[in-house]
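Okay, structure first, notes after.
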Amino acid sequence: MPDISILTQRANSFASPKSTQPTNSLVITQVPRTFFQPSIINALRDHFATYGEINQWVPIASFCRIILVYYAEEAAEVAKNACDPLILTLPHRIPTVLRVYRSEPNPIFSPSSPTADENLLRPPPIEKNFLISPPGSPPIGWEQIREEPPNATPLADDLIAALHKLKLQERRSSREVLLEPEEGVGVGVYVEDCDMNDDDDDAEGVDWEYGCPSPARLRWKPIATAMPPMRVR
(Lines give C-alpha, C1' and ligand atoms only; values in the text may rest on other atoms or scores of the structure.)
Protein backbone atom coordinates (compact mmCIF):
# COMPACT_ATOMS: atom_id res chain seq x y z
CA MET A 1 0.00 0.00 0.00
CA PRO A 2 1.47 3.40 -0.93
CA ASP A 3 2.12 6.04 1.69
CA ILE A 4 -1.16 8.02 1.75
CA SER A 5 -1.49 11.15 3.83
CA ILE A 6 -4.95 12.48 4.70
CA LEU A 7 -5.17 15.93 6.22
CA THR A 8 -8.24 17.84 7.38
CA GLN A 9 -8.38 21.59 6.99
CA ARG A 10 -11.17 23.46 8.74
CA ALA A 11 -12.07 26.98 7.70
CA ASN A 12 -14.64 29.41 9.00
CA SER A 13 -16.17 29.74 5.52
CA PHE A 14 -17.33 26.14 5.74
CA ALA A 15 -19.15 26.54 9.04
CA SER A 16 -22.21 24.36 9.44
CA PRO A 17 -25.49 26.29 9.33
CA LYS A 18 -27.72 25.83 12.34
CA SER A 19 -30.84 25.23 10.21
CA THR A 20 -29.39 22.21 8.41
CA GLN A 21 -31.61 19.14 8.39
CA PRO A 22 -29.96 16.19 10.16
CA THR A 23 -28.74 13.44 7.85
CA ASN A 24 -26.77 10.24 8.10
CA SER A 25 -25.32 10.46 4.56
CA LEU A 26 -22.37 12.32 3.08
CA VAL A 27 -20.99 12.74 -0.42
CA ILE A 28 -17.25 13.04 -1.12
CA THR A 29 -16.79 14.91 -4.40
CA GLN A 30 -13.94 15.89 -6.75
CA VAL A 31 -12.32 12.48 -6.41
CA PRO A 32 -10.05 11.84 -9.43
CA ARG A 33 -10.79 8.65 -11.32
CA THR A 34 -7.21 7.49 -10.84
CA PHE A 35 -7.90 7.37 -7.08
CA PHE A 36 -10.53 4.65 -7.45
CA GLN A 37 -8.21 1.79 -6.56
CA PRO A 38 -8.45 -0.47 -3.51
CA SER A 39 -5.49 1.03 -1.64
CA ILE A 40 -6.77 4.63 -1.81
CA ILE A 41 -10.46 3.82 -1.40
CA ASN A 42 -9.76 1.65 1.66
CA ALA A 43 -7.60 4.39 3.18
CA LEU A 44 -10.41 6.90 2.78
CA ARG A 45 -12.91 4.48 4.29
CA ASP A 46 -10.67 3.86 7.29
CA HIS A 47 -10.32 7.61 7.78
CA PHE A 48 -14.07 8.26 7.78
CA ALA A 49 -14.66 5.20 9.97
CA THR A 50 -12.83 7.01 12.79
CA TYR A 51 -15.84 9.33 13.16
CA GLY A 52 -18.42 6.55 13.49
CA GLU A 53 -19.55 3.19 12.22
CA ILE A 54 -20.22 3.21 8.47
CA ASN A 55 -23.30 1.42 7.19
CA GLN A 56 -22.77 1.87 3.44
CA TRP A 57 -19.70 2.88 1.44
CA VAL A 58 -20.40 3.36 -2.28
CA PRO A 59 -17.56 4.57 -4.56
CA ILE A 60 -18.89 5.83 -7.93
CA ALA A 61 -15.97 6.33 -10.29
CA SER A 62 -18.11 7.51 -13.22
CA PHE A 63 -19.31 10.50 -11.14
CA CYS A 64 -15.99 11.05 -9.36
CA ARG A 65 -17.60 10.81 -5.94
CA ILE A 66 -18.16 8.51 -2.97
CA ILE A 67 -21.39 8.13 -1.00
CA LEU A 68 -21.17 7.00 2.63
CA VAL A 69 -23.94 6.35 5.11
CA TYR A 70 -23.37 6.30 8.87
CA TYR A 71 -25.49 4.50 11.39
CA ALA A 72 -25.78 7.68 13.45
CA GLU A 73 -26.57 11.19 12.25
CA GLU A 74 -24.16 12.62 14.82
CA ALA A 75 -21.26 10.75 13.22
CA ALA A 76 -22.11 12.14 9.79
CA GLU A 77 -22.27 15.69 11.15
CA VAL A 78 -18.91 15.34 12.94
CA ALA A 79 -17.29 13.90 9.80
CA LYS A 80 -18.72 16.73 7.69
CA ASN A 81 -17.42 19.45 9.99
CA ALA A 82 -14.00 17.84 10.38
CA CYS A 83 -13.31 16.69 6.80
CA ASP A 84 -14.55 19.51 4.60
CA PRO A 85 -12.24 20.19 2.89
CA LEU A 86 -10.05 17.05 2.90
CA ILE A 87 -6.50 17.13 1.54
CA LEU A 88 -5.25 13.82 0.15
CA THR A 89 -1.52 13.54 -0.52
CA LEU A 90 0.06 10.67 -2.47
CA PRO A 91 3.75 10.06 -3.19
CA HIS A 92 5.05 12.00 -6.20
CA ARG A 93 1.68 13.71 -6.73
CA ILE A 94 0.26 17.13 -6.13
CA PRO A 95 -2.04 17.26 -3.07
CA THR A 96 -5.69 16.82 -4.01
CA VAL A 97 -8.48 18.69 -2.24
CA LEU A 98 -11.73 16.76 -1.75
CA ARG A 99 -15.03 18.31 -0.70
CA VAL A 100 -17.53 16.67 1.64
CA TYR A 101 -21.22 17.59 1.43
CA ARG A 102 -24.37 16.49 3.21
CA SER A 103 -26.74 14.27 1.26
CA GLU A 104 -30.32 13.12 1.58
CA PRO A 105 -30.85 10.66 4.45
CA ASN A 106 -30.69 6.99 3.49
CA PRO A 107 -32.26 3.98 5.21
CA ILE A 108 -29.98 1.76 7.28
CA PHE A 109 -29.28 -1.49 5.48
CA SER A 110 -28.63 -4.53 7.61
CA PRO A 111 -28.05 -7.93 5.93
CA SER A 112 -29.25 -9.73 9.06
CA SER A 113 -32.50 -7.78 9.19
CA PRO A 114 -35.61 -9.76 8.22
CA THR A 115 -36.78 -6.80 6.09
CA ALA A 116 -33.51 -6.55 4.15
CA ASP A 117 -35.22 -7.71 0.94
CA GLU A 118 -37.33 -4.55 0.93
CA ASN A 119 -34.20 -2.52 0.11
CA LEU A 120 -33.37 -4.65 -2.95
CA LEU A 121 -34.81 -4.55 -6.45
CA ARG A 122 -37.18 -7.47 -6.74
CA PRO A 123 -38.46 -9.13 -9.94
CA PRO A 124 -41.99 -8.28 -11.09
CA PRO A 125 -44.94 -10.46 -10.07
CA ILE A 126 -45.44 -13.76 -11.89
CA GLU A 127 -48.34 -12.50 -14.01
CA LYS A 128 -46.25 -9.54 -15.21
CA ASN A 129 -43.01 -11.47 -15.38
CA PHE A 130 -44.41 -13.57 -18.22
CA LEU A 131 -44.88 -10.42 -20.32
CA ILE A 132 -41.08 -10.34 -20.73
CA SER A 133 -39.70 -12.61 -23.44
CA PRO A 134 -37.90 -14.52 -22.05
CA PRO A 135 -39.04 -13.84 -18.47
CA GLY A 136 -36.57 -12.69 -15.86
CA SER A 137 -36.66 -15.98 -13.94
CA PRO A 138 -38.10 -18.70 -16.21
CA PRO A 139 -39.74 -21.46 -14.17
CA ILE A 140 -38.96 -25.11 -14.75
CA GLY A 141 -40.64 -26.34 -17.92
CA TRP A 142 -41.14 -22.89 -19.44
CA GLU A 143 -41.06 -22.88 -23.25
CA GLN A 144 -41.09 -20.05 -25.75
CA ILE A 145 -44.45 -19.74 -27.50
CA ARG A 146 -44.94 -18.68 -31.10
CA GLU A 147 -46.23 -15.14 -31.18
CA GLU A 148 -49.15 -14.18 -33.40
CA PRO A 149 -48.53 -11.98 -36.47
CA PRO A 150 -49.38 -8.27 -36.38
CA ASN A 151 -52.99 -7.21 -36.83
CA ALA A 152 -53.77 -7.15 -40.55
CA THR A 153 -56.80 -4.89 -40.11
CA PRO A 154 -55.68 -1.90 -38.05
CA LEU A 155 -58.89 0.01 -38.84
CA ALA A 156 -62.30 -0.75 -37.42
CA ASP A 157 -64.96 -2.24 -39.69
CA ASP A 158 -67.26 0.78 -39.43
CA LEU A 159 -64.39 3.11 -40.35
CA ILE A 160 -63.49 0.99 -43.38
CA ALA A 161 -67.14 1.01 -44.48
CA ALA A 162 -67.24 4.81 -44.18
CA LEU A 163 -64.07 5.15 -46.27
CA HIS A 164 -65.55 2.95 -48.99
CA LYS A 165 -68.45 5.37 -49.26
CA LEU A 166 -66.06 8.26 -49.90
CA LYS A 167 -65.57 7.33 -53.54
CA LEU A 168 -66.12 9.45 -56.58
CA GLN A 169 -69.81 9.23 -57.38
CA GLU A 170 -70.18 12.07 -59.87
CA ARG A 171 -68.10 14.84 -61.45
CA ARG A 172 -69.72 18.23 -61.90
CA SER A 173 -67.34 20.48 -63.83
CA SER A 174 -64.64 21.34 -61.21
CA ARG A 175 -66.46 19.65 -58.34
CA GLU A 176 -66.22 15.97 -57.46
CA VAL A 177 -69.06 14.48 -55.45
CA LEU A 178 -67.86 11.92 -52.91
CA LEU A 179 -70.92 11.77 -50.70
CA GLU A 180 -74.24 13.48 -51.26
CA PRO A 181 -77.01 13.47 -48.67
CA GLU A 182 -80.25 11.77 -49.53
CA GLU A 183 -83.15 14.11 -50.21
CA GLY A 184 -80.93 17.07 -49.39
CA VAL A 185 -80.75 16.21 -45.67
CA GLY A 186 -77.49 15.08 -44.10
CA VAL A 187 -73.75 15.55 -44.60
CA GLY A 188 -72.23 15.96 -48.04
CA VAL A 189 -68.57 15.61 -49.03
CA TYR A 190 -67.32 17.47 -52.11
CA VAL A 191 -63.86 18.08 -53.55
CA GLU A 192 -63.38 21.14 -55.73
CA ASP A 193 -60.25 22.06 -57.68
CA CYS A 194 -59.87 25.77 -57.04
CA ASP A 195 -56.94 26.06 -59.50
CA MET A 196 -58.99 24.84 -62.43
CA ASN A 197 -59.95 27.52 -65.00
CA ASP A 198 -60.69 27.83 -68.68
CA ASP A 199 -57.03 28.36 -69.59
CA ASP A 200 -56.12 24.98 -68.13
CA ASP A 201 -58.46 23.25 -70.62
CA ASP A 202 -56.44 24.66 -73.48
CA ALA A 203 -53.19 23.42 -71.93
CA GLU A 204 -54.29 19.78 -71.63
CA GLY A 205 -53.04 18.97 -75.11
CA VAL A 206 -49.63 20.61 -74.55
CA ASP A 207 -46.73 18.27 -73.83
CA TRP A 208 -45.05 19.06 -70.53
CA GLU A 209 -41.77 17.63 -69.26
CA TYR A 210 -40.89 17.17 -65.62
CA GLY A 211 -38.57 19.93 -64.41
CA CYS A 212 -39.89 22.55 -66.84
CA PRO A 213 -42.35 25.31 -65.91
CA SER A 214 -45.95 24.37 -66.60
CA PRO A 215 -47.73 26.15 -69.47
CA ALA A 216 -50.30 27.58 -67.06
CA ARG A 217 -47.54 29.21 -64.99
CA LEU A 218 -45.94 30.72 -68.11
CA ARG A 219 -49.19 32.49 -68.94
CA TRP A 220 -49.54 33.89 -65.44
CA LYS A 221 -48.73 37.56 -65.05
CA PRO A 222 -48.47 39.41 -61.75
CA ILE A 223 -51.01 42.15 -61.11
CA ALA A 224 -49.53 45.62 -61.11
CA THR A 225 -49.63 47.39 -57.79
CA ALA A 226 -49.32 51.03 -56.87
CA MET A 227 -45.81 52.35 -56.29
CA PRO A 228 -45.14 53.09 -52.64
CA PRO A 229 -44.66 56.75 -51.72
CA MET A 230 -41.15 58.11 -52.15
CA ARG A 231 -39.44 60.87 -50.23
CA VAL A 232 -38.86 64.02 -52.26
CA ARG A 233 -35.47 65.65 -51.71
Heavy atoms, side chains only, cut-off 4.5 Å: are [X] and [Y] in contact?
X      : Y     : value
Arg65  : Val31 : no
Leu88  : Leu86 : no
Val100 : Leu98 : no
Leu44  : Ile66 : yes
Cys64  : Gln30 : no

As an exercise, state the distance from [atom1] of [X] to [atom2] of [Y], rounded to the nearest 0.5 Å.
X      : Y     : atom1 : atom2 : value
Thr29  : Ile60 : OG1   : CD1   : 12.0 Å
Leu68  : Ile54 : CG    : CD1   : 5.5 Å
Gln21  : Glu73 : CD    : CD    : 8.5 Å
Tyr101 : Ile28 : OH    : CD1   : 12.5 Å

Is [X] reaching over with its side chain to a backbone N or O of [Y], donor-acceptor style, under 3.5 angstrom?
X     : Y      : result
Gln56 : Pro107 : yes
Arg99 : Asp84  : no
Tyr70 : Phe48  : yes
Asn24 : Asn106 : yes

Non-hydrogen atoms of [X] and [Y] that approach each other most closely:
X      : Y      : answer
Ser103 : Thr23  : O-OG1, 2.7 Å
Pro22  : Pro105 : O-CG, 4.0 Å
Gly52  : Ala75  : CA-CB, 3.8 Å

Are [X] and [Y] grouped together when hydrophobic residues (ILVMFWY) are joined by side-chain heavy atoms under 4.5 angstrom apart?
X     : Y     : value
Val78 : Trp57 : yes
Leu26 : Ile67 : no
Ile40 : Phe36 : yes

